[in-house]
Amino acid sequence: MSESPEPDNSAPVRAGALSGTPYLQALNEEQRVAVEALDGPVLVLAGAGTGKTRVLITRLAHILATGRAFPGQILAVTFTNKAAREMFERVEGLVGASAQGLWLGTFHAICARILRRHAELVGLKPSFTILDTDDQIRLAKQVLEAANIDEKKWPARALVTVIQRWKDKGLAPAKVPASAASEFANGRALELYGQYQERLRTLNAADFGDLLLHSLTLFTRNPEVLADYQRRFKYILVDEYQDSNVAQYLWLRLLAQGGGNICCVGDDDQSIYGWRGAEVGNILRFEKDFAGARIVRLERNYRSTPHILAAASGLIAHNEGRLGKTLWTEGEDGDKVVVGGVWDGAEEARMVADEIEALQRQGCRLDDMAILVRAGAQTREFEERFILLGIPYRVIGGLRFYERHEIRDAVAYLRVLAQPDDDLAFERIVNVPRRGIGKASLQTIYRLARAEGIALTTAAGRLVETDEIAPRARGSLSRLLDDFDRWRAQAQTMTPSALAKGVLDESGYTGMWRNGKSADAPGRLDNLKEFVAALEDFETVGEFLEHVSLVMDHDRAAGGDLVNVMTLHSGKGLEFDTVFLPGWEEGLFPHTRALDQSGHAGLEEERRLAYVGITRARKRVRISFAANRRLFNQWVSAIPSRFIDELPPDHVEHMTSPGLYTGRGAGRQGGPDAGLSEMGMAFANLRSRARPGPAIDADARRFEAAKRRGAGIVGVGDRVFHQKFGYGRILAVDLNKLEIIFEKAGIKKVIDSFVKPA
DNA sequence: ACTGCGCCAGTTTTT
DNA sequence: CTGGCGCAGT
């Protein structure tokens, strides 16, 4: 699918433009073109590793340095907070303090900022609450309940998805075309959407999709407001344009109609978020959407070796409907991409762990290695192997900090205090910890609230004056409401952090976890401490709540030399020397559900995911597939992924586990041993080579035992705590390896340094 | 008001 | 095999 390199896609670079702008000299020619093409719409097609972020940053700096605009006249949007933060820091490095005035942030954060100013125009109060997914589902549940729809048949989560898809397309309830009526609840989805929106409005709340949708409504209904922002934003920059959805596209188009100086950067080959509303079509249609658009291609890759780049390019060439890029690079060919078949998932984990140790012995940092899996569940086998061998690792992704149960509860307390009308927050914590305010009492509160059109707290306040609620519940409820009042009074004088600490202690919330003896209780208490500490950075609770709903992410990437384990999706945007890509089997990758759900488009997105995975690597790519995998409870045999066949043979070498002859990719090109490179041999040999066993040596044994005693662990029978597996008792000891029966996780072998005495 | 049992489902994830 | 959820029983 690749086209020949663009012979001439750019105006000649004017030498004069370089004077007084030293930062431009650090760029290659195409990058410089992308930076200097300031007028009119520009699409920068930036292949993986071609210096996309550098271009964006330099462009920003260039606009400022040449005095074309003030910081406050530049809008720069990203999709993630991490990207926004990085961009801000790097721009600040170039231009210093003037970075402060930029409109730089995620689509959602910028929309929220705009909406707070004009909330009344879309029927909200400026103090509106931003709901998270959890709240959305609870709200949807209430809507379904009120509409008498069986939640078994039509789950609330599915309704939220339907509504979200409409919002992604920029469709308010009134705009949803009849033809778009979804299957959901026999075509009642639209009606439910309307009710959901109505509920949101009475709660003075907006979900994430609303931030964009309301902004769109604001602009289309109030031309003078739109005109104001159009005048304001002389330059618009958009990162990761391939991830934008229709609503975001419409939003950008409205704003760009002012001056038209919009620059979108992206890579159609890295569009992997179609399943959550992103439209590859946006980037494919850019030239049509923005008249007179100029396209600049960044094709010189600074990251990967030629073999890796060629393998990735060959694979992605199987996709249709690409804009087409020809990535090239200079330098040593390096290792070919190694593809290996193994018997099962455990062997795969063993092989990967062995190579990690081998690389480490050669002086490679663990931090420079990553395992990128298709699905979160795949990390388990690697974790268990790493724990057994004592290889330090970190799993990136999973639950974000603010998504954790205990953090949500803590936030809900603050929400109730800051926003007495926040029914969802009230509902969440009214009986947490247990106060004996159960379903019956809640029903009563609901009834009154609905009948009078008042908030739950208000209704509760009235009900404690009557005897409509059982005495016990009435007492607790009354005490809780008094607490609320007291805390609200304290909020006037205390710092948010001190307030939160007080609230969590006095409400009994901290105590609930301290008294509970579940394996994860200590971790939750730690998180609560972290939560209180995080609040120290804020002046007001309101400020913190905005931050928590829009900005707060959990950067676990920090700290230490650890192997990185994550999904392919969360690997996007990162790079590592060595990348392991396990689980390349039909069904898992490409994932069956992606194919079932989206057919050919789904397959292409999976292929892009594979492309993203390979292009994360600087030096080494190790792809593997297992002939057998345990899925749920049963063993299923799998065939190698079609993507393995699609890799260009010249840049790949195959190795196969001895005695494993099944699978279509295995050994096909030249057999297991033919033409293996040094690394390939290492990969092949490592897994069969006996690991250097621990010397059975009295000194070593004594040494390990002494070390454990130092740590407070004596031996068999001791009760210990493990970060991941919880509490357990030591069954057996072999040097530094302990066999432990955990209360929850069963019997595991772990390295002693991973446990502490309980 | 809470506990326990049985049923179901079980890619990817940001805001 | 899990975990989460809803319902039924105490």
Side-chain angles (χ1 to χ4, degrees), chain A residues 77-84 105-112 130-137 141 145 150-153 155-158 161 164 167-168 206-213 240 243-245 247-248 271-278 372-380 396-400 402-403 405 431 434-443 469-470 472-473 476 546-554 566-573 583 587-598 602 605-606 608-610 612-613 630-635 744-746:
Chain A
V77 267
T78 63
F79 279 85
T80 66
N81 294 304
K82 194 171 160 224
T106 61
F107 275 100
H108 293 86
I110 286 170
C111 284
I130 298 167
L131 301 186
D132 62 19
T133 322
D134 223 51
D135 296 322
Q136 285 180 276
I137 292 171
K141 223 171 247 181
E145 215 167 303
D150 182 6
E151 282 175 57
K152 279 255 170 61
K153 216 169 159 205
R157 183 172 271 293
T161 308
Q164 198 57 55
K167 291 186 177 178
D168 288 342
D207 64 20
F208 286 118
D210 280 343
L211 295 175
L212 262 142
L213 193 61
E240 305 277 17
D243 289 338
S244 61
N245 60 36
Q248 287 157 340
S271 164
I272 55 174
Y273 286 110
W275 52 272
R276 64 174 198 216
L372 305 181
V373 297
R374 175 62 180 87
Q378 284 172 265
T379 63
R380 224 195 68 214
I396 294 175
L399 276 192
R400 249 146 288 286
Y402 61 84
E403 281 172 342
H405 184 85
N431 200 30
R434 298 257 127 93
R435 303 188 168 90
I437 304 168
K439 226 163 67 182
S441 317
L442 267 178
Q443 275 321 109
I469 294 181
R472 225 188 129 89
S476 327
E546 180 91 353
H547 187 261
V548 89
S549 44
L550 281 178
V551 182
M552 193 155 163
D553 52 5
H554 193 54
M566 68 191 94
T567 62
L568 286 157
H569 283 90
S570 35
K572 196 175 90 162
L588 183 56
F589 192 38
H591 203 286
T592 330
R593 295 190 92 102
L595 304 187
D596 292 350
Q597 219 165 68
S598 325
E605 185 155 308
E606 294 284 291
R608 291 193 292 266
L609 202 48
V612 166
R630 199 168 51 181
L631 207 55
F632 310 132
N633 60 3
Q634 56 198 344
W635 285 94
K744 292 220 160 151

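Order of the sequence lines sets the chain letters (A, B, ...), proteins ahead of strands, with each chain counted from 1.
- One finds no side-chain N or O of A/S549 lying less than 4.0 angstrom from the OP1 or OP2 phosphate oxygen of B/dT15.
- Aromatic rings of A/H569 and A/W275 (six-membered ring for Trp) have centroids within the 6.0 Å cut-off, being under it.
- As judged by a 4.0 angstrom heavy-atom cut-off over every strand, A/A473 is placed among residues making no nucleic acid contact.
- Within 4.0 Å (heavy atoms only), A/T133 reaches at least one base atom of the nucleic acid.
- Atom CD1 in A/I110 sits roughly 13 Å away from atom P in B/dT15 (whole-Å rounding).
- Between the NE2 atom of A/H569 and the C1' atom of B/dT15 there is a distance of 16 Å, rounded to whole Å.
- Shown here, C/dA8 forms a base pair with B/dT3; the pair counts as Watson-Crick or G-U wobble because both key distances fall under 3.5 Å.
- Across all strands, A/R630 comes closer than 4.0 Å to no nucleic acid atom at all (heavy-atom distances).
- The backbone N or O of A/L550 sits less than 3.5 Å from a side-chain atom of A/N81, completing a donor-acceptor pair.
- Put simply, the side chain of A/Q597 and the base of B/dT11 share a donor and an acceptor less than 3.5 Å apart.
- Not one side-chain nitrogen or oxygen of A/T592 sits closer than 4.0 Å to the OP1 or OP2 atom of B/dT11.
- Residue A/R276 has no polar side-chain atom (N or O) positioned under 4.0 Å from OP1 or OP2 of B/dT15.
- With hydrogens and angles disregarded, no donor-acceptor distance shorter than 3.5 Å links the side chain of A/N431 to the backbone of A/G438.
- A donor-acceptor pair is defined here as one N or O able to donate and one able to accept, closer than 3.5 Å; no such pair exists between the side chain of A/S598 and the backbone of A/L595.
- Between A/G436 and A/A594, the one whose closest nucleotide on DNA chain B sits nearer the 5' end is A/G436.
- To the nearest angstrom, C1' of B/dT14 lies 12 Å from CG of A/L212.
- Rounded to a whole Å, the CG atom of A/D134 is 15 Å from the C1' atom of B/dT14.
- Within the nucleic acid shown, A/I437 comes within 4.0 Å of sugar-phosphate atoms alone, with no base atom in reach, counting heavy atoms only.
- Using a 4.0 Å heavy-atom distance criterion, A/G376 is classed as a sugar-phosphate-only contact.
- Within the structure, a side-chain polar atom (N or O) of A/N81 is placed less than 4.0 Å from OP1 or OP2 of B/dT15.
- Checking the phosphate oxygens (OP1, OP2) of B/dC2, a side-chain nitrogen or oxygen of A/N431 falls inside 4.0 Å.
- Of the candidates B/dG10, B/dT14, B/dC2, the closest approach to any side-chain atom of A/R434 belongs to B/dC2.
- Put simply, the side chain of A/D207 never gets that close to the backbone of A/D132: no donor and acceptor are under 3.5 Å apart.
- With hydrogens and angles disregarded, no donor-acceptor distance shorter than 3.5 Å links the side chain of A/S441 to the backbone of A/A473.
- Per the stacking criterion (ring centres < 5.5 Å, plane angle < 30°), A/W275 stacks onto the base of B/dT12.
- Between the side chain of A/E240 and the backbone N or O of A/F79 there is no donor-acceptor pair closer than 3.5 Å.
- Comparing the P positions of C/dG3 and B/dT12 gives a spacing of 16 Å, expressed to the nearest Å.
- As a whole-Å value, the separation of A/L568 CG from B/dT11 P is 15 Å.
- The distance between atom CD of A/Q164 and atom P of B/dT12, rounded to the nearest whole Å, is 18 Å.
- Within 4.0 Å (heavy atoms only), A/K141 reaches sugar-phosphate atoms of the nucleic acid but no base atom.
- Heavy-atom contacts of chain A under 4.0 Å fall on DNA chain C between two terminal nucleotides, which in 5' to 3' order are C/dC1 to C/dG6.
- For A/Q248 (side chain) and A/N245 (main-chain N/O), a donor-acceptor pair under 3.5 Å exists by modelled atom type.
- Of the candidate nucleotides B/dA1, B/dT15, B/dG10, B/dG10 has the atom lying nearest to any side-chain atom of A/R593.
- For the P atoms, the distance from B/dT11 to C/dG4 is 13 Å, rounded to whole Å.
- Straight-line distance from the CZ atom of A/R472 to the P atom of B/dA1: 10 Å, rounded to whole Å.
- For the pair A/E606 (side chain) and A/H591 (backbone), a donor-acceptor distance under 3.5 Å is present.
- Residue A/D243 contributes atom CG, which lies 13 Å from atom C1' of B/dT15 at whole-angstrom precision.
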